[in-house]
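The structure appears right after this line, and notes come after that.
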Amino acid sequence: MLTNKIKVNYNMKNIDDDFDIFKVVKENKDYYKNNILDSALYEFKAAAVQYTFGTTALVLFRKGSVTERQFKESIMKEYKDVRIQKIDVMDQEQCVNTFYYENRLLAQLLINSMRIPRHESFTYHNLTGKLFYHDPSWISRDKKTKEITFIRFLEVVIDPGMYLNLEHKTFKKYNYDKWGRLYIIDPKTGEFRKKLKIDEVKTTYVEGSLPHNHFTVNNFDIKDYEKFKKSKMGILGQFLQDVKEKLSKYMIIEFEEREDAQAYEISKLEKKGISEKEYGEFLRKRGVVIVDENDTERSKEIIKLLQKELKRAYGVEAVVGELSKDTYNIRIIHDKEYYENNEIIDPHEEKKKGYIVQHVTEESKVFKKEKEYVPAIRKIVQELILKGDVRDKFISIYDWKRLDSGKEWSFIIRKKVKAIETETNSNKKIEKKQIYNYYRLKIDREGKMEFDTFCDADDLGEEEEKICFEYDNIKDKQYRSKNSIDGLIYSSIDNIHAIILTKEKTLPDVEELRDTLKETSEKGQVSKEIILKAIREFEVEYPEYEEYIIDWKKNFKDADEYLTKTQVKKFLNMRTKASAKLNRYLHEKYNLWIDGELRKNEFEAIYQISNLLNIKFRYDENDYVDGHSFTYYVGAKSKKTSYPNACCIRKVVSLGEKIEYEELLPLMAVDFVRNKQYTVIPFPYKYLREYMEQI
């Protein structure tokens with residue numbers, strides 16, 4: 001099984017021959033608010049920079065472009081509290097102390113030095129101190145002025161543990177004077193880069209998310225070569241190619257292979273999921289009321305769509321009326337931006353305790369096309385039923401007795417509340433301590449739910465004290481690896497489990513996919529003469545396909561001399577067994593690949609797409625941080641051409657003696673949390689998050 005864990009082989013002699021590396025340490029904690037590396041970037045033309053932990057940065061120069069003394073004097077003209085150290089890459093101990101495990105930061109520094117070929121409409125510069133990949137479609141412009149309002153990238157990051165990841169980054173227009181990490185579009189070159197002190201450009205950009213615009217890039221898309229190139233896996237493939245072409249003198253990246261995981265056997269009932277008819281039976285128990293808070297033409301159109309689809313798919317007659325505690329309520333309101341702009345109280349923030357309410361915004365794009373609003377309404381239905389379960393404190397959407405564990409399970413999430421200042425006894429130093437609220441859901445053997453909340457700043461019972469202690473304990477252990485905790489779970493307080501989201505993800509073979517999709521690109525030209533010649537030879541070897549061969553000859557007879565591969569596929573009808581046989585014959589005999597057949601099981605060993613499918617798990621005996629652990633991932637239900645999300649590997653550790661998590665795998669083989677897809681953590685966490693929203 002391929003994952004994003006990499007092994008980097010370095011040629012330290014070549015690195016030492018061609019580069020100088022300096023470590024820059026600033027005593028002042030406000031490191032990022034100062035442009036202390038401007039001289040490195042502008043005056044001495046640094047090849048790359050890499051910020052590390054705390055107040056430390058690394059700077060890479062071409063050999064001989066600057067001496068340690070010159071660099072130090074340049075920086076210390078303005079910043080007296082900076083220390084400079086030249087790193088000897090031939091000194092193994094110094095490398096470990098500077099670049100950490102597997103010389104991770106050295107790899108990142110070399111990667112950051114790459115200059116990606118300029119795109120004809122937009123490019124970037126490595127003065128950002130990072131390696132970004134970009135597509136022109138990821139730019140947004142003002143409709144009137146055509147000025148760029150925000151820019152999006154995928155940043156290549158090597159996370160602790162040597163996990164290679166692509167992270168979304170958004171830079172939004174920022175027209176205020178600010179000292180710190182600002183970025184500009186260079187007026188001369190069109191490059192996106194860090195703003196230097198000498199720059200007088202007024203339009204600047206700052207990294208930050210957009211409240212009403214969530215940026216995503218499909219993790220994996222094999223519809224065609226162009227779509228693949230724009231997906232994360234396509235960008236990853238391009239990155240690997242760039243490293244081979246530009247950095248092979250210094251480093252070679254290889255993906256490590258894990259032992260394949262065991263597939264969880266999903267029952268026919270779980271695969272089937274809940275039908276629209278069954279959802280309709282839930283809805284009819286209470287009835288559905290649509291509450292129109294807007295009373296606009298658009299809201300009336302949405303009401304008609306809701307009523308039509310609820311009737312067609314679920315057999316439910318939804319009525320328009322007022323909020324009712326006795327019914328399921330679909331409430332039509334505006335989006336958050338509307339209420340902010342008009343300085344009106346936002347209904348999203350109202351706590352309608354005792355009501356079962358699902359909001360629908362008038363501005364939502366999903367109601368413009370039937371292909372989009374049908375699954376959107378299914379999601380509304382699921383949310384209503386789940387919220388009804390929370391109010392009733394009983395699981396109705398899932399037969400809890402099927403779990404057959406004979407145990408009462410508790411699920412825990414915690415959330416930051418505030419930080420308080422405390423004085424230590426030893427040196428009277430003021431320290432900040434973070435306060436958390438803990439939210440717990442207990443489910444008994446029958447499916448009855450009990451919710452409660454407690455705070456670690458309060459006087460707590462023995463069980464609650466243990467929960468707080470263990471949450472802190474596991475967080476501290478995961479700090480350096482940057483792993484996050486999804487939650488705690490236990491059937492016995494003496495055997496608490498932690499679900500940890502790691503930086504590791506499963507991968508298909510992106511290089512094989514890239515090569516095949518490029519070779520089978522639908523825009524590629526094919527000679528009709530070669531196709532007909534191959535068909536005649538194929539006819540001799542495989543006379544059993546005579547019926548199909550006659551049709552192929554007819555289809556190609558009056559065709560143009562050169563055809564696109566799209567046309568060839570159409571003439572051959574690639575869904576038939578005979579066409580698949582001819583396709584492989586063309587590949588073997590003529591080195592001509594018409595269709596990559598990426599989703600066929602026969603090619604699984606080559607493309608490894610099954611690494612993105614179903615629920616798989618394994619027990620790891622020698623986990624570096626946590627010892628004995630249980631790892632798993634949740635993929636798509638079946639092979640598709642597009643996969644929006646990566647398959648993240650989660651690790652479960654027991655703080656007691658035994659890992660029981662395998663018993664809970666059925667709680668992820670449900671499709672009512674993520675519409676028609678399995679959920680990545682046990683579905684009771686969805687109930688717990690809903691409870692947190694309501695209190």
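Everything quoted here is computed from the prediction, not taken from an experiment.
Of the charged side-chain nitrogens involved, none lies within less than 4.0 Å of a carboxylate oxygen, so that E522 and K570 do not count as a salt-bridged pair. Taking the charged nitrogens against the carboxylate oxygens, D18 and K249 do have a contact shorter than 4.0 Å, which makes a salt bridge. Ion pairing of K637 with D671 is present here, as a side-chain N (NZ or NE/NH1/NH2) and a carboxylate O approach within less than 4.0 Å. Using a cut-off of 4.0 Å between Lys/Arg side-chain N and Asp/Glu carboxylate O, E372 and K365 are scored as not salt-bridged. A salt bridge links D17 with K13: the closest approach of a Lys/Arg side-chain nitrogen to an acidic carboxylate oxygen falls below 4.0 angstrom. Remark: K577 does not engage E544 in a salt bridge, criterion side-chain N to carboxylate O under 4.0 Å.
Scored by the side-chain contact (heavy atoms from CB on, under 4.5 Å) test, A636 finds L613, K640, Y643, Q677 as partners (sequence neighbours excluded). For E539, the side-chain contact (heavy atoms from CB on, under 4.5 Å) test picks out I549, K553, with sequence neighbours left out.
Side chains of S275 and E278: a donor-acceptor N/O pair is present below 3.5 angstrom, by distance only. Y373 and E309 share no side-chain donor-acceptor pair at under 3.5 Å. Residues Y264 and E662 bring no donor and acceptor atom of their side chains to less than 3.5 Å of each other. Inspection of the Y590 and E537 side chains reveals an N or O donor paired with an N or O acceptor under 3.5 Å. In this structure, a donor-acceptor pair under 3.5 Å is absent between the side chains of D595 and N583. Using a 3.5 Å distance cut-off with no hydrogens or angles, the side chains of Q50 and N112 do pair a donor with an acceptor. Side-chain polar atoms of T502 and N483 form no donor-acceptor pair below 3.5 angstrom. Looking only at atom types and distance, the side chain of N103 has no donor-acceptor partner in the side chain of Y10 under 3.5 Å away.
Side-chain atoms of K482 do not come within 3.5 Å of backbone N or O of K503 as any donor-acceptor pair. Between the side chain of D16 and the backbone N or O of V89 there is no donor-acceptor pair closer than 3.5 Å. Within the 3.5 Å criterion, the main-chain N or O of L154 finds no donor-acceptor partner in the side chain of H134. Between the side chain of E604 and the main chain of I609, a donor-acceptor pair closer than 3.5 Å is present. Under the 3.5 Å distance criterion, the side-chain polar atoms of N218 are left unmatched by any main-chain donor or acceptor of F220. In this structure a side-chain-to-backbone donor-acceptor pair under 3.5 Å is present from S579 to L572. Counting only distance, with no hydrogens or angles, the side chain of D221 and the backbone of S642 share no donor-acceptor pair below 3.5 Å. A donor-acceptor contact shorter than 3.5 Å is absent between the side chain of R584 and the backbone of W593.
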Query raised in the report: Would Y633 and V680 satisfy side-chain contact (heavy atoms from CB on, under 4.5 Å), going step by step from the backbone distance to the final call?
Result: CA-CA 7 Å; Y633 73 87; V680 295; over 6 Å; no
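Taking the centre and axis of the six-membered ring of Y398, the NZ or CZ atom of R402 falls inside the cone set by 45° and 6.0 Å.
Shown here is K227, whose NZ atom has no more than 12 heavy atoms of other residues, nucleotides or ligands within 6.0 Å. The number of heavy-atom neighbours closer than 6.0 Å to NZ of K271, taken from other residues, nucleotides and ligands shown, is 12 or below.
Side-chain contact check for K172 versus R152: every heavy-atom pair is 4.5 Å or farther apart. By the 4.5 Å heavy-atom criterion applied to side chains, N645 and N219 are not counted as neighbours.
Between F153 and Y133, the ring center distance fails the sub-6.0 Å criterion. You'll find the ring centres of Y183 and Y205 outside the 6.0 Å limit. Taking the six-membered ring for Trp, F617 and Y661 have ring centres at least 6.0 Å apart.
In this structure, NZ on K244 lies 13.0 Å from CG on L247, to the nearest 0.5 angstrom. How far CD of E504 is from CD of E256: 9.0 Å, rounded to the nearest 0.5 Å.
With F132 as the fixed residue, the ring pair (Phe, Tyr, Trp, His ring centres under 6.0 Å) test singles out one of F171, F239, F192: F171.
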